[in-house]
*Asks:* 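This is the structure, below, for whatever I ask next.
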Amino acid sequence: MANITNTAAFIFTGAGSALSSLQEMKGHWFESAKYALFILNGALIGSLLLLRFPGTVFEKRVLFFVIFSAAMLLLMATKSFLI
């Protein structure tokens with residue numbers, strides 16, 4: 001039940017953040033949509049893994065996904081710093 005409550009809260013929090021950031025988003029909609037596509041793909045893959053395999057399989061792979069995400073964030077940060 002707690003996961004459902006958290007998920008519902010995140011949906012409305014994201015919508016509120018998007019509405020409050022409309023001025024800052026001018027001219028950045030394509031970039032935002034690109035990131036949203038990656039996020040959606042990751043969420044779908046993670047959901048399918050959770051539903052398809054036992055919990056132990058997901059526990060073994062989630063560490064890889066977290067490390068991969070952190071590496072991508074670091075790569076993006078250093079790339080934007082160099083530009």
Side-chain angles (χ1 to χ4, degrees):
M1 186 64 138
N3 286 338
I4 295 170
T5 305
N6 286 341
T7 302
F10 283 139
I11 290 170
F12 294 112
T13 301
S17 296
L19 287 175
S20 66
S21 302
L22 286 176
Q23 279 187 328
E24 291 86 3
M25 290 299 297
K26 287 182 182 175
H28 299 283
W29 290 107
F30 179 74
E31 184 179 3
S32 180
K34 182 175 61 172
Y35 290 129
L37 184 64
F38 283 113
I39 292 168
L40 181 62
N41 283 330
L44 287 174
I45 291 170
S47 299
L48 290 174
L49 284 174
L50 277 173
L51 292 173
R52 179 77 171 124
F53 298 109
T56 56
V57 173
F58 187 76
E59 286 175 8
K60 291 177 183 175
R61 285 176 174 62
V62 75
L63 179 62
F64 166 75
F65 292 134
V66 169
I67 291 172
F68 179 74
S69 299
M72 294 296 288
L73 286 172
L74 287 172
L75 182 65
M76 283 179 17
T78 58
K79 183 180 177 182
S80 65
F81 179 72
L82 294 174
I83 294 176

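Here, residue 1 is the first one in the sequence, and each next residue gets the next number.
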*Asks:* Could you measure the distance from the CE atom of Met76 to the OH atom of Tyr35? Nearest 0.5 Å is fine.
*Replies:*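 With rounding to 0.5 Å, CE (Met76) is 4.0 Å from OH (Tyr35).
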*Asks:* Could you grab the distance from atom OG of Ser17 to atom CG of Leu22, nearest 0.5 Å is fine?
*Replies:*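 If we round to the nearest 0.5 Å, Ser17:OG and Leu22:CG are 11.0 Å apart.
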*Asks:* Give, for atom CD of Glu31 and atom CE of Met25, the distance between the pair rounded to the nearest 0.5 Å.
*Replies:*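 Between atom CD of Glu31 and atom CE of Met25 there are 8.0 Å.
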*Asks:* Would you say Met72 and Phe38 are hydrophobically clustered, going by side-chain heavy atoms of ILVMFWY under 4.5 Å?
*Replies:*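 Cluster IDs for Met72 and Phe38 differ.
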*Asks:* How long is the straight-line distance from CD1 of Ile45 back to CG of Leu40, given to the nearest 0.5 Å?
*Replies:*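 Leu40 atom CG to Ile45 atom CD1 measures 10.0 Å (nearest 0.5 Å).
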*Asks:* Mark yes or no for whether Ser32, through its side chain, and His28, through its backbone, hold a donor-acceptor pair below 3.5 Å.
*Replies:*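 Answer holds: no.
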*Asks:* If you group Ile, Leu, Val, Met, Phe, Trp and Tyr by side-chain heavy-atom gaps below 4.5 Å, do Phe53 and Phe64 land in one group?
*Replies:*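 In one cluster: yes.
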